[in-house]
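One structure is given below, represented as structure tokens, and several questions about it will come after.
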Amino acid sequence: MSSPVKPSAPPVKFWRDPAKRALLFQLVLLCAVAAFIAFIVNNTLNNLSTRGITTGFGFLDDPAGFAIAQSLIPYAETDTYGRTFVVGLLNTLLVSFLGIIGATLLGFVIGVARLSPNWLIARLASAYVELFRNIPLLLQMFFWYFAVLRTLPGPRDSLSLNDSVFLNVRGLYLPEPIPGSGFIWIWPALLLALVLAFWLVRFNHRRQDATGQRLPVWSISLGLVILLPGLTFLALGAPLEWNYPELRGFNFRGGMTIIPEFLALWLSLTVYTAAFIAEIVRSGIQAISHGQTEAAHALGIKDSLTLRLVIIPQALRVIIPPLTSQYLNLTKNSSLATAIGYPDLVSVFAGTTLNQTGQAIEVIAITMLVYLSISLAVSFFMNWFNSRMALVER
Amino acid sequence: MTGKGKAALLVAASLMAGTLQAATLDEVKQRGVLKCGVNSGLPGFSNPDDKGVWKGLDVDLCRGIAAAVFNDDGKVQYIPLNAKERLTALQSGEIDVLSRNTTWTSSRDTELGVNFAGINYYDGQGFLINKSLGVSSAKELDGAAICIQSGTTTELNVADYFRRNGIGYSAVVFDTSEQTVQGLEAGRCDVLTSDLSQLYALRIKLSKPDEAVALPEVISKEPLGPSVRQGDDQWFNIVKWTHFAMVNAEELGLTKDNVDGMKSSENPDVRRLLGLEADFGKGMGLDKDWAYRIIKLVGNYGEIFDANVGQDSPLKIERGLNALWTEGGLQYAPPVR
């Protein structure tokens with residue numbers, strides 16, 4: 001005999017149920033935060049309008065009317081404030097990207113050199129790290145800009161190489177390539193070479209797995225990538241002309257110009273961040289048990305291959321997360337550009353545009369959003385890369 | 001509302017600084033000091049001397065306001081601002097008055113919540129160049145690299161001028177006027193452009209001032225003057241009339257030294273300005289001897305001009321447009337009556 005109906009527990013009042021109660025509190029908190037934000041926004045708009053300050057994003061369509069020293073896209077004074085934003089953003093991305101590449105290369109070399117058995121090399125590397133990570137970045141920027149680059153000669157006494165490359169206090173002047181007709185075929189040739197090289201690497205892997213033999217795949221690929229487009233170029237009759245810089249009037253005209261503000265910013269970001277990356281690389285390598293090296297040596301693998309095939313791949317797992325932080329730091333630090341007049345986003349948009357339009361809240365909001373997006377994108381990419389490199393358990 | 005709720009609202013309100021209709025005069029009196037935004041270093045206009053005391057034409061206007069409000073021209077806190085910061089500092093209430101060679105333009109006056117309270121220096125934009133380049137006119141500057149201070153009307157005028165004349169230039173833009181001078185000296189640019197008054201002031205900062213020369217072209221009008229936030233007419237009037245009192249004083253021949261003796265003057269204009277007949281301070285919430293205090297403690301417009309930028313200063317700038325209207329210049333103040 002069993003009772004047909006289970007004595008159901010008396011219905012719990014919803015405020016006694018921890019799960020529901022938690023939900024309720026979260027809802028209340030959310031409403032409070034939303035109300036707070038609404039209040040701030042409303043109050044701000046009220047205050048702005050009582051003070052006669054124009055608001056809105058309409059200013060982005062107004063003509064800017066000021067010049068910018070370096071832009072990756074065509075820009076003239078008659079273009080809009082919206083375009084100054086793009087110019088500034090691209091300049092920020094350019095210097096951050098090149099800075100990340102430079103700092104990574106230099107940082108890896110210094111980090112590995114610090115562990116070198118050669119006394120002199122190891123000491124030089126530690127001296128580098130201690131020197132550059134302990135001096136504030138702003139001072140380093142001033143050093144490169146005022147102490148180093150400003151000592152270069154004026155345009156009339158430029159240092160020149162072969163009368164086509166010039167270096168003076170106004171920057172570095174290079175010949176600019178002007179592609180002729182038919183030059184466009186170089187790109188398919190390059191693409192083909194890359195595909196072939198990729199296929200070759202995979203083929204080499206399979207062949208090594210099957211037979212144990214290896215091809216000198218790197219030299220073959222390199223040859224492919226250089227030769228194929230190169231031969232196409234010659235076959236087309238070398239359709240490329242150079243626009244050489246020339247001293248006319250006050251300055252050099254023609255060619256490409258790399259402005260000293262860019263050089264100073266790029267150098268200081270690279271040198272400064274490389275010191276931190278070097279330490280990350282060193283700690284990553286030291287995190288790998290020395291037994292790994294000994295085991296590799298016992299198998300008769302030589303030093304350079306041990307480092308490349310055994311140590312670095314394992315060390316990368318330790319290196320990548322803190323490396324991400326350094327990349328983010330470098331990107332954000334590039335905003336110090338304004339101190340030496342490099343036209344980055346902060347200088348052009350959050351500086352000049354803000355000042356000419358007076359739209360402080362809108363401009364700062366946009367700028368913050370941009371830095372947030374860049375940081376999240378870098379972080380997202382590095383996390384993806386990290387999960388690829390993470391130890392795959394077999 | 002609970003105490004906590006009130007506190008939260010207060011915090012929220014203070015995030016967007018200030019209350020809606022701020023009575024700046026009361027705030028300043030309560031604080032006991034005037035917050036005056038000035039240039040961070042421009043000889044003749046606002047520059048700390050070797051003892052750290054701020055001196056200059058724009059600084060003297062701040063002292064004039066303090067004299068009118070407190071009867072003490074020392075009750076001023078000077079807040080040095082660069083061109084980019086100045087208007088935001090005024091908008092956000094960080095300063096009570098901006099007295100920092102700022103050009104009066106329509107957009108600043110109508111869109112930024114700012115009121116310009118007169119013109120204490122009529123200026124125009126020019127070019128400073130090394131003599132050795134052998135340039136005699138701005139029209140020959142095709143292709144030159146030009147050092148400019150960012151966030152100024154200068155930056156816009158130079159673009160207009162080169163476009164109008166169909167010539168090119170490359171802009172080298174810095175945050176402060178100090179940096180533009182360094183840029184010129186290091187050869188980063190061929191030319192420095194700025195308001196003429198600034199060019200005179202910056203030239204004496206060069207290591208060899210005689211090698212630099214100003215080109216004859218004046219490419220813009222630059223009416224420079226103090227400004228206040230919109231929405232407080234009383235405070236606007238005080239700043240406006242501080243300048244006018246100085247100009248009127250010069251016209252009436254009142255100086256720092258003779259102002260006490262002139263109290264016995266029979267001239268009704270003098271008697272009204274000095275508050276001996278009727279009370280013209282009460283409309284502004286000031287004592288009736290407000291103008292007397294300004295003249296006694298700071299001086300008349302001609303005096304402060306000569307001492308800071310004119311014949312008695314290293315700059316030796318001619319009065320020119322800044323002479324009184326009675327002398328063929330543009331300085332003209334409405335009468336006190």
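It should be emphasised that the depicted structure is a prediction, and the values quoted were computed from it without experimental measurement. So you know, we letter chains A, B, ... as the sequences are listed, proteins then strands, and number each from 1.
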Legend entry - Lys/Arg-Asp/Glu bridge criterion (N-O < 4.0 Å) met for Glu261(A), Arg188(B):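 Salt bridge between Glu261(A) and Arg188(B), a charged N being under 4.0 Å from a carboxylate O: yes.
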Legend entry - is_close_aromatic(Tyr121(B), Phe45(B)), centroid dist under 6.0 Å: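 Centroid distance Tyr121(B)-Phe45(B): below 6.0 Å, so yes.
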Inset, instruction - Scan side-chain atoms only and decide if Asp58(B) and Asn39(B) contain a donor-acceptor pair under the 3.5 Å cut-off. - result: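 Their side chains do not contain a donor-acceptor pair, so the 3.5 Å distance test is not met.
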Inset, instruction - For the residue pair Glu222(B) and Thr153(B), confirm or rule out a side-chain donor-acceptor distance under 3.5 Å. - result: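 Yes, because at least one side-chain N or O of Glu222(B) sits under 3.5 Å from a partner of the opposite role on Thr153(B).
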Inset, instruction - Specify which of Asp142(B), Thr88(B), Val172(B), Asp160(B) makes the most heavy-atom pairs with chain A at under 4.5 Å. - result: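 That would be Asp142(B).
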Inset, instruction - Can you tell which part of Thr357(A) gets under 4.5 Å to a heavy atom of chain B, answering side chain, backbone, both or neither? - result: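 Contact with chain B is through the backbone of Thr357(A) alone.
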Legend entry - Atom group of Gln91(B) that falls short of 4.5 Å from chain A, counting heavy atoms: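 Backbone plus side chain of Gln91(B), per the 4.5 Å heavy-atom cut-off to chain A.
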Inset, instruction - Kindly indicate, with the supporting measurements, whether the criterion side chain to side chain contact (heavy atoms under 4.5 Å, CB included) is fulfilled by Phe127(B) and Ile219(B). - result: CA-CA 9 Å; Phe127(B) 296 97; Ile219(B) 65 169; 3.9 Å; yes
Inset, instruction - Assess whether atom NZ of Lys205(B) is packed by more than 12 heavy atoms of other residues, nucleotides or ligands within 6.0 Å. - result: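 Yes.
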Legend entry - Residue Ile148(B) versus chain A: region with a heavy atom under 4.5 Å: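 Neither part; nothing is under 4.5 Å.
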Legend entry - Lys221(B) with Asp123(B): basic N within carboxylate O range, under 4.0 Å: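 Looking at Lys221(B) and Asp123(B), the cut-off is not met.
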Legend entry - Atom group of Phe162(B) that falls short of 4.5 Å from chain A, counting heavy atoms: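 Neither; nothing under 4.5 Å.
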Inset, instruction - Please state whether the side chain, the backbone, both or neither of Gln182(B) comes within less than 4.5 Å of a heavy atom of chain A. - result: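 For Gln182(B), heavy atoms of backbone and side chain both lie under 4.5 Å from chain A.
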Inset, instruction - Considering only heavy atoms, give the residues of residues 102-111 of chain B separated from chain A by less than 4.5 Å, sorted numerically, with 'none' for an empty result. - result: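 Thr110(B), Glu111(B), listed by number.
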Inset, instruction - Using a heavy-atom cutoff of under 4.5 Å, enumerate the residues of residues 139-163 of chain A that contact chain B, numbered in order, or state 'none'. - result: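 Residues in range: Tyr145(A), Phe146(A), Arg150(A), Arg156(A).
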Legend entry - Presence of salt bridge, Arg170(A) and Asp190(B), under 4.0 angstrom: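 Salt bridge: yes.
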Legend entry - Which atoms of Gln70(A) approach chain B - backbone, side chain, both or neither, heavy atom under 4.5 Å: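 Neither part.
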Legend entry - Donor + acceptor pair across side chains of Ser137(B), Glu217(B) (<3.5 Å):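 There is such a pair (donor and acceptor under 3.5 Å, judged by atom type) between the side chains of Ser137(B) and Glu217(B).
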Legend entry - Toward chain B, the part of Ala64(A) with a non-hydrogen atom under 4.5 Å: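 Only the backbone of Ala64(A) comes within 4.5 Å of chain B.
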Inset, instruction - With a 4.5 angstrom heavy-atom cut-off, could you sort out which part of Val158(B) is near chain A: side chain, backbone, both or neither? - result: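 The answer is neither part of Val158(B).
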